[in-house]
Each structure stands twice: as structure tokens, then as C-alpha cells.
There are 2 protein chains.
Amino acid sequence: MDMNTELRNTCIDTLKHKGPGNACIQCGFRSSIFTKLSDEQFDKLALNKTFANAQKGEIIAKQYSEIKGFIFLRVGLAKLTRLNNDGREQIIGIATPKDFVGLLSIFSSKTYQYNIIAIENSEFCIVDYNLVLELVSTNGDFARTLLEKISQVADLMMETRLELERRQIRGRVAYIICYFANEIYKTTRFDLPVSRREIAELIDMRVENVVRILSEFRRDNIIRIEGTTIEILDQEKLRWIKMHG
Amino acid sequence: MDMNTELRNTCIDTLKHKGPGNACIQCGFRSSIFTKLSDEQFDKLALNKTFANAQKGEIIAKQYSEIKGFIFLRVGLAKLTRLNNDGREQIIGIATPKDFVGLLSIFSSKTYQYNIIAIENSEFCIVDYNLVLELVSTNGDFARTLLEKISQVADLMMETRLELERRQIRGRVAYIICYFANEIYKTTRFDLPVSRREIAELIDMRVENVVRILSEFRRDNIIRIEGTTIEILDQEKLRWIKMHG
DNA sequence: CATGTGCATTGTTATATATCAGAATTGATT
DNA sequence: AATCAATTCTGATATATAACAATGCACATG
């Protein structure tokens, strides 16, 4: 695949085509937090954004590196991680398409508080930081939308952490399987984008136990595992374990 | 103490006195997130806020009740809690004076996501929600300050949860003692405002174990316990446990 | 082909935490 | 003073999780 083909459908490549139906609209860029921008403001924003992509495993942003701008995940999947003092990597959450990744701490620090790492081949846009700030200052409705969005993200992240915390490992594994099935892939059969180790880092347990519980679920005919594919067989039972396990 | 004396120093009672040196300035109300307001805007805000106080144990705001406004904790201490499905109460964090409590989810929902409960006798002001929204729309600098503040609060809360999660009980207890000593009371000797049960709810472990670990710390001459008073005797050792325990 | 490396897996053992039961203490109320 | 309820505390035991050890497998590399 040559360079031209690869870029044909990216945000930056379609800047010339304005109005409904262009690729930027389709990719949800505007509908996410930029709904309240005027056409002029949106165009200016679009002109100042850059497109990039990341291979699975590639680092999109590094913890403690300077914040360059707002990162909009267009296609793919990314994990937010941080390195602990004890050298263990902790996964804070998963970013899905149309998310502004790292939105949370973007106004509190000059540097990223987390690593953003692609766990699937991903495409993303970076929006100039100062331009957004300018828009906050000049467009009150936009500011409000942004506040709402950040608030939502914060709530969701806290909720997830708190829900995970109070569960034991069976409940956690069930929770995370449901999370992938319901929130991310919206199907009962999907390819796990993360290794067992990463699941462990995400739900704060050991690799061996993740493996063990998954095997247990398989033995009990709750899930089917084929390579990296997982299929939920007994939604009822899985749900029960998620709630009471 | 009669009513007049009691109210003399409250925010609402000093509305008439403008300019530097009045009680509202002193209580940090303006310096928190309202630095960028014009005098007119600030006055309008001050006129639309109500003062209240809560006895230890009293509920300031109830989970899932409608959000009335921004709650500014003037004096005292409050805990943020939520009720789990399994009936256990989980403490999300502690709010200290000059905090806007419940700032996090205030833009994402019509209802409070957490209980706000006084754990010391407290005084607080409530600022009208719609007025703040109006200010967001009309004052870009204010909007930006608010974004920064929310971002900071979110970061701090996540950080705390993540730090607690990865520790075992000794480390958690040490962490929470240090938290009260360093962040809240800024002294090595203080009255614990929370019961053992509440500590357990805060750091996600069982009451018996909190008690046990505290006794252990006392036996090892790391802390001294006298009634509700705790004094840190061996800062070094406590710090070590906090990091590696 | 041989070798190495990382990941997934399983069993065994050690450790950490929860649970249960009961005693001691405190504070509030009568 | 007596009672009650809630909290703190301690010990014994059960359970959950981590740690350790070893194997197989897939895949890359020389």
C-alpha cells in the first residue's frame, strides 16, 4: 500500500472538503467536543490539526513528556498506563475511537500523566493545545461542553477503578470481559487486544491468576477461548460472577 | 454563643464589606477558582451564595440527589462516599477546607455521584449552579481556571486511588496516616477524624485489619495512640512502610 | 536445524487478608 | 448505677491471592 492510499481517508487529507459528509465529520471529530464551534472556528481547528498513526505497541505519548496537544483517537485502541515506583506498569484504562485521550490531566499539567500506547493499529489526530485554549476563552458554549466532557471522563474512570477495587479476582476478570464485550466491541465474540499480562495490569492482579481464572471460566463453559478470540457462552453466569464473584 | 456571634464571620454575613480584608477573601473563596472574575462578577456570585453548616456525621449532599450548586467547604472536613451494590460504603476521598466538594462530576450529571458527609463540624457555602454556568459562558478566563481545577482534582483522586490499590494493607495504613499528617493537618500529631471502620472503607480493607496494623505500628514504636490522637514517632520507618510495605 | 525469548499454562506452596467469635472499652441513655 | 449499642481490640481459622517452579508453544534469529 503506497503512501497516498494510506492517507486518503485521514482527517488531514480531507480538509479541503468541507460540509456534511466529509471524512472529518464522519470520524466523529466534531461531534465529540466540538459541536458548539462555529464553522469558522471548526475550520481553523481543522487546519491546525495533524494526523498520525501508531502501530500496535507503539507509544503515542509518554508519561512526563510535554503535552503537545489534544489527542483524538480516530481508529484503533490505546491503553493508558503509568509506571509505579516499584517498576510495575499499571493500566489506568482503555481509550476507544472518538475518545480524546488524556483529556483528564490536560489542563492540570504541562506533561502527560500517563503513557498512551496503541494496543491496536491506530490513527489519531493531534489538535493544537493553544488553539483549544483560545477557543475556551472565546466560546463559552464550547468551554461548557469541554467541562462536561472532562467531568464525564473523570466520573467514568473513577467509577471503573472503584468497581474493580471492590471485587475479587473472579469478579474482576468477569468485569473486564464484559467491558470488552459491551463497551468496546459490542459483541459477545471478539479478539482480545491485550495479553494476559496486560489484563493483569489493568485489573491489578497477577498474570498466573488471570490465566487460571480464564481457564476456569472455560472449564465451566462460561467462555470459549480460541487463540486470541474470546466468545461469551453463558452471559447469565458471567454477569452473576461479575456482580457477586 | 448566640446566633449573631456564630454568624459574624461567615461568608454570607460579610457580603456588605467588599474589598481586601473582608472575610470572604480570607476564607479563600475567591482565591480558589474565582480569581479571574471581575469585581462585579464576584459580587453577583457572593450575593447568590448561601451559607450553611453541618455537624459531624451530618449529610451535606446525598448520592443521586439533585445538584443544587457548587459546595465550597469553608471550615471542617468531609468525606466523599458511595454505596456499593453489595451494601458496603466506599469512601472515595476526603475534602479539606477551601475545596469545592463534588467538583468532579458536577458537569456530567444532574445528580451527585457521591455522598458528602461531614466528619468534623463544618461550614460551607453553596454557589448557585446556573450562575456559575453563566460565568463559564461569559468569562473565558474563568472557564479556563475551572477546567484546570477540575483537571487537578481528577488527577489527584485518580492518583490516590491508584497509589492505594497497588499497596498491601500495611502500606495502605501507612499511606493514610501520612495523608492525614501531611496533607490535612500538616503536623505529626493529630486527632483522627475518622473511625477505624471509616479508615477501612477508605483504603478498602476490613476493620479488624486496620485495628491490627495500627496496634502493630504502635508496638513497633512507629506511632503513638492516645484515644483518638495519633502521633507519628518514627517518620522514617513509616515512610518506608508506605513505600515498600 | 538449534537456540533463545516471550507468553500462556498448570501445579505447588507460601503469604496476605477476610471471616468468625468473643472480650474489653467507650459513650449515651435511662 | 445499670443497660445498651457501638466501637475497639485480640486470637483462631478459613480463604484468596501471590510467588515460585516447571513445561509447552509460537515465533524469531543465527
Side-chain angles (χ1 to χ4, degrees), chain A residues 55-57 79 84 86-91 117 119 164-177 191-220 222-230 241-242 244-245, chain B residues 55-57 79 84 86-91 117 119 164-177 191-220 222-230 241-242 244-245:
Chain A
Q55 296 295 308
K56 177 173 179 147
K79 62 176 176 180
N84 278 339
D86 59 4
R88 256 167 81 172
E89 191 146 16
Q90 215 170 358
I91 300 184
I117 303 175
I119 56 177
L164 280 173
E165 255 181 51
R166 70 188 188 86
R167 285 172 166 77
Q168 340 201 104
I169 57 174
R170 255 157 279 262
R172 290 187 190 186
V173 173
Y175 188 92
I176 218 62
I177 294 175
D191 271 8
L192 252 194
V194 289
S195 68
R196 305 288 191 263
R197 164 167 303 281
E198 286 173 311
I199 294 180
E201 285 164 355
L202 183 55
I203 63 183
D204 208 46
M205 44 184 281
R206 294 295 169 170
V207 188
E208 294 96 318
N209 289 324
V210 174
V211 172
R212 231 184 289 275
I213 302 303
L214 283 175
S215 303
E216 202 180 297
F217 285 178
R218 184 185 46 203
R219 259 199 311 282
D220 298 344
I222 298 169
I223 59 173
R224 200 148 58 90
I225 307 177
E226 267 182 83
T228 61
T229 304
I230 284 195
I241 294 171
K242 172 184 160 188
H244 311 103
Chain B
Q55 296 295 306
K56 178 172 179 149
K79 62 176 178 181
N84 278 337
D86 58 4
R88 254 168 83 171
E89 190 146 17
Q90 215 168 0
I91 301 184
I117 303 175
I119 55 177
L164 280 173
E165 254 180 52
R166 70 187 187 85
R167 286 172 165 77
Q168 336 201 109
I169 56 172
R170 256 157 280 261
R172 290 186 192 188
V173 173
Y175 188 92
I176 219 63
I177 294 175
D191 271 9
L192 252 193
V194 289
S195 68
R196 307 286 190 265
R197 164 167 304 282
E198 286 172 311
I199 295 180
E201 286 164 354
L202 183 54
I203 62 184
D204 209 46
M205 43 183 282
R206 292 297 169 171
V207 189
E208 296 95 318
N209 289 323
V210 174
V211 172
R212 234 184 287 275
I213 301 302
L214 283 175
S215 303
E216 202 180 297
F217 285 178
R218 185 185 45 202
R219 259 199 309 284
D220 297 345
I222 297 170
I223 59 173
R224 200 148 58 91
I225 307 177
E226 267 181 85
T228 60
T229 304
I230 284 195
I241 294 171
K242 172 184 160 186
H244 311 102

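Below, chains carry the letters A, B, ... as their sequence lines are ordered, and counting in each starts from 1.
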The helix from C:dC1-D:dG30 to C:dT30-D:dA1: angle between end helix axes, five pairs per end, rounded to 10 degrees =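 About 30°, once rounded to a multiple of 10°.
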Check the distance between [N]'s [atom2] and [X]'s [atom1] and give it to me in whole angstrom.
X	N	atom1	atom2	value
A:Ile213	D:dT15	CD1	P	16 Å
A:Glu165	D:dT17	CD	C1'	16 Å
A:Glu216	D:dT17	CD	P	10 Å
A:Arg172	D:dT17	CZ	P	8 Å
A:Leu214	C:dT9	CG	P	7 Å
A:Glu198	C:dA8	CD	P	9 Å
A:Ile225	C:dC7	CD1	C1'	14 Å

All N/O pairs under 3.5 Å across the protein-nucleotides 15-17 of chain C interface:
residue, atom, partner, partner atom, Å
C:dT17, OP1, B:Ile169, N, 3.0

Contact nearer the 5' end of DNA chain C, comparing A:Ser195 with B:Arg88 |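 Its nearest nucleotide being more 5', the pick is A:Ser195.
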Decide, yes or no, whether a salt bridge links B:Asp204 with A:Arg166 under the criterion of side-chain N to carboxylate O below 4.0 Å.
->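 Looking at A:Arg166 together with B:Asp204, the answer is no, because their closest N to O distance does not fall below 4.0 Å.
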State plainly whether the residues A:Arg224 and A:Glu226 are in salt-bridge range, i.e. N to O under 4.0 Å.
->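 Judged by the 4.0 Å cut-off on N to carboxylate O distance, A:Arg224 and A:Glu226 do form a salt bridge.
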What closest approach, in Å, do [X] and [Y] show between heavy atoms, and which atom pair accounts for it?
X	Y	answer
A:Leu202	A:Leu164	O-CD1, 4.0 Å
B:Ala200	B:Arg206	CB-C, 3.8 Å
A:Lys79	A:Glu198	NZ-OE2, 2.6 Å
A:Arg196	A:Ile225	NH2-CG2, 4.1 Å
B:Pro193	B:Lys56	O-NZ, 3.6 Å

Hey, could you give me the CD1/CZ distance between A:Ile169 and A:Arg172, rounded to the nearest 0.5 Å?
->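 Here the rounded value is 9.0 Å.
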How far does CD1 of B:Ile241 sit from CD of B:Gln168, to the nearest 0.5 angstrom?
->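 Going from the CD1 atom of B:Ile241 to the CD atom of B:Gln168 covers 12.0 Å.
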Who are the side chain to side chain donor-acceptor pair (under 3.5 Å) partners of B:Asp191, not counting sequence neighbours?
->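 With neighbours one apart ignored, the set is B:Thr229.
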Under the side-chain contact (heavy atoms from CB on, under 4.5 Å) rule, what do A:Glu201 and A:Gln90 come out as? Steps first, then yes or no, please.
-> CA-CA 5 Å; A:Glu201 285 164 355; A:Gln90 215 170 358; over 6 Å; no
5' to 3', nucleotides 22-29 of chain C under a 4.0 Å protein heavy-atom cut-off (B base, S sugar-phosphate only, - none) gives --------
Give a yes or no on this: more than 12 heavy atoms of other residues, nucleotides or ligands lie within 6.0 Å of atom CZ of A:Arg197.
->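 Open.
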May I ask you to test the [X]-[Y] pair for a side-chain heavy-atom distance under 4.5 Å?
X	Y	answer
B:Phe217	B:Ile177	yes
A:Glu208	A:Val211	no
B:Ile199	B:Met205	no

Identify each atom pair where a protein N or O and an N or O of nucleotides 23-25 of chain D are less than 3.5 Å apart, giving names and distance.
none

Report all interatomic pairs (protein N or O, nucleotide N or O of nucleotides 10-12 of chain D) with separations under 3.5 Å.
residue, atom, partner, partner atom, Å
D:dT10, OP2, B:Ser215, OG, 2.8
D:dG11, N7, B:Arg212, NH1, 3.0
D:dG11, O6, B:Arg212, NH2, 3.4

Check the pair B:Glu89 / B:Ile117 against side-chain contact (heavy atoms from CB on, under 4.5 Å), numbers first and verdict last.
-> CA-CA 12 Å; B:Glu89 190 146 17; B:Ile117 303 175; 4.2 Å; yes
